Amino acid sequence: MLDKTGTVTQGKPAVTDIAVLQPGALPADDLLRIAAAVEALSEHPLASAIVAEQERRELPRSSASNFRSESGMGASATVDGRRVIVGNSAMLELHSIDTRPADEYLGRTASRGQTAVLVAIDGTLVGAVALADPVRASSAAAVARLRGAGLDVVLLTGDRRAVAEAISREAGIARVLAEVLPAGKVTAIADLQRGGHVVAMVGDGINDAPALAQADVGIAMGGGTGVAIEAADAVLMREDLNAAADVIELSRRTMRIIRQNLFWAFAYNVIAIPIAAGVLYPAAGLLLSPVLASAAMALSSVTVVGNSLRLRKS
Ligand code: ADP
Ligand code: MG
């Protein structure tokens with residue numbers, strides 16, 4: 001299971017477009033300024049990108065109060081005496097706001113793999129901000145390696161299905177679980193586990209921590225949030241999905257070496273201990289001298305260590 005934002009993608013979204021969906025409602029810069037006032041209080045990567053764009057355009061900063069965040073959906077706050085809601089369709093629907101005026105815009109941005117954050121003021125949808133979060137250059141090759149290793153790769157995200165599908169096409173991922181709320185990520189993994197699958201989850205965000213803990217193997221991106229790193233079994237030291245493929249290949253090689261080592265450690269003893277104890281003495285007059293026996297004992301340790309050292313050469 002691969003989380004989309006920050007794992008398959010760079011996790012550094014940037015604003016590509018601002019659309020006023022209610023003609024003449026307000027200038028695009030005002031829409032951005034009002035959305036940024038709410039997002040300044042949110043910790044979501046999309047929120048940081050919207051604030052960065054407001055700063056880039058040197059728009060004045062408005063202050064917001066009564067901030068509320070809905071995990072996996074969006075946020076709301078009061079700006080200049082007006083109730084402002086930013087988030088996805090589910091967020092607006094939660095507040096009984098009609099999202100139909102955004103349908104066409106959502107479809108158009110999603111087909112390019114971009115996420116649109118809807119902006120509603122005082123209960124009416126007024127506009128949207130489109131953000132692009134490019135797929136990491138290394139992701140497609142890493143996914144191919146994971147599939148080559150016999151794994152089923154699944155993209156897991158809270159984002160819209162169409163956005164997730166555009167990203168998965170680019171990364172070469174065949175299965176997509178989209179529009180999953182943070183708690184749903186845990187359930188999705190538990191469902192697979194009940195179906196007899198062993199699940200490894202790669203993620204980076206605060207929202208991913210419970211899923212990383214639920215998975216049989218939780219793998220955190222090194223640049224991820226502290227709580228994701230805490231919850232994970234393995235931490236990738238570079239921002240590259242290839243490191244996750246390395247983890248899986250290295251652990252498989254390690255298990256193979258452990259089995260070989262067990263075999264050799266037992267094989268030496270199974271053969272040499274009975275000889276040392278004299279099983280061949282009555283028939284062949286053969287005994288193992290204590291000097292040779294201790295040499296064999298040491299040799300078995302050397303074999304195991306030497307065999308293990310082969311792991312360094314890969
Ligand atoms: P992901 O699984 O891609 O990391 P999240 O679960 O964090 O996504 O969020 C799911 C969706 O909720 C986002 O794609 C976005 O549409 C919306 N969302 C969440 N928080 C915010 C926010 N602060 N501002 C705008 N939209 C948000
Ligand atoms: Mg994420």
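Because the structure is predicted, anything quoted here is derived from the model rather than measured. In each ligand, atom 1 is the first atom listed, and ligand 1 is the first ligand listed.
- Contact annotation for Asp159 and ligand 1: heavy atoms of both the backbone and the side chain come within less than 4.0 Å of the ligand.
- For the pairing with Thr115, the side chain to side chain donor-acceptor pair (under 3.5 Å) check across Thr157, Asp159, Asn88 returns one residue only, Asp159.
- When heavy-atom distances to ligand 1 are checked against a 4.0 Å cut-off, Lys185 comes that close only through its side chain, counted from C-beta outward.
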Less than 3.5 Å apart, which donor and acceptor atoms pair up between the side chains of residues 21-41 and the rest of the protein, not counting sequence neighbours?
{"residue": "Asp29", "atom": "OD1", "partner": "Arg57", "partner atom": "NH1", "Å": "2.9"}
{"residue": "Arg33", "atom": "NH1", "partner": "Ser62", "partner atom": "OG", "Å": "2.5"}

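- Annotation for ligand 1: atoms under 4.0 Å from non-hydrogen atoms of Thr157 are 1 (P), 2 (O), 3 (O).
- Between the side chain of Thr7 and the main chain of Lys4, no donor-acceptor pair closer than 3.5 Å is present.
- Counting atoms of ligand 1 from 1 in the listed order, those under 4.0 Å from a heavy atom of Asn207 are 5 (P), 6 (O), 7 (O).
- Residue-level proximity to ligand 1 for Asp3 is carried by the side chain, the only part with a heavy atom below 4.0 angstrom.
- Considering Arg253, Arg145, Arg252 as possible partners of Asp246, the one that fulfils the salt bridge (Lys or Arg N to Asp or Glu O under 4.0 Å) test is Arg145.
- Remark: Arg61 engages Glu55 in a salt bridge (Lys or Arg N to Asp or Glu O under 4.0 Å) (not counting sequence neighbours).
- Within the 4.0 Å heavy-atom criterion, the part of Met73 lying near ligand 1 is the backbone and not the side chain.
- Ligand-side atoms of ligand 1 in range of Gly87: 25 (C), 26 (N), range being under 4.0 angstrom from any heavy atom.
- Per-residue contacts place His44 under 4.0 angstrom from the following atoms of ligand 1 (heavy atoms of the residue considered): 5 (P), 7 (O), 9 (O), 19 (C), 20 (N), 21 (C), 23 (N).
- Under a 4.0 Å criterion applied to the non-hydrogen atoms of Ser42, ligand 1 contributes the atoms 23 (N).
- Nearest-heavy-atom check against atom 12 (O) of ligand 1 across Gly72, Ala49, Ala75 picks out Gly72.
- In summary, the atoms of ligand 1 found under 4.0 Å from a heavy atom of Leu46, numbered by their order in the structure, are 13 (C), 15 (C).
- Across all non-hydrogen atoms, the minimal contact from Ala116 to Thr109 is CB-OG1, 3.8 Å.
- No more than 12 heavy atoms of other residues, nucleotides or ligands sit less than 6.0 Å from atom CZ of Arg175.
- Between Met91 and ligand 1 there is no heavy-atom distance shorter than 4.0 Å.
- When atom types are taken as modelled, the side chain of Ser139 and the backbone of Val135 share no donor-acceptor pair closer than 3.5 angstrom.
- Checked by distance only, ligand 1 and Asn88 come closer than 3.5 Å through their nitrogen or oxygen atoms.
- For Asn207 (side chain) and Pro182 (main-chain N/O), no donor-acceptor pair under 3.5 Å exists by modelled atom type.
- Near Thr5, meaning under 4.0 Å from any of its heavy atoms, are these atoms of ligand 1: 1 (P), 3 (O), 4 (O).
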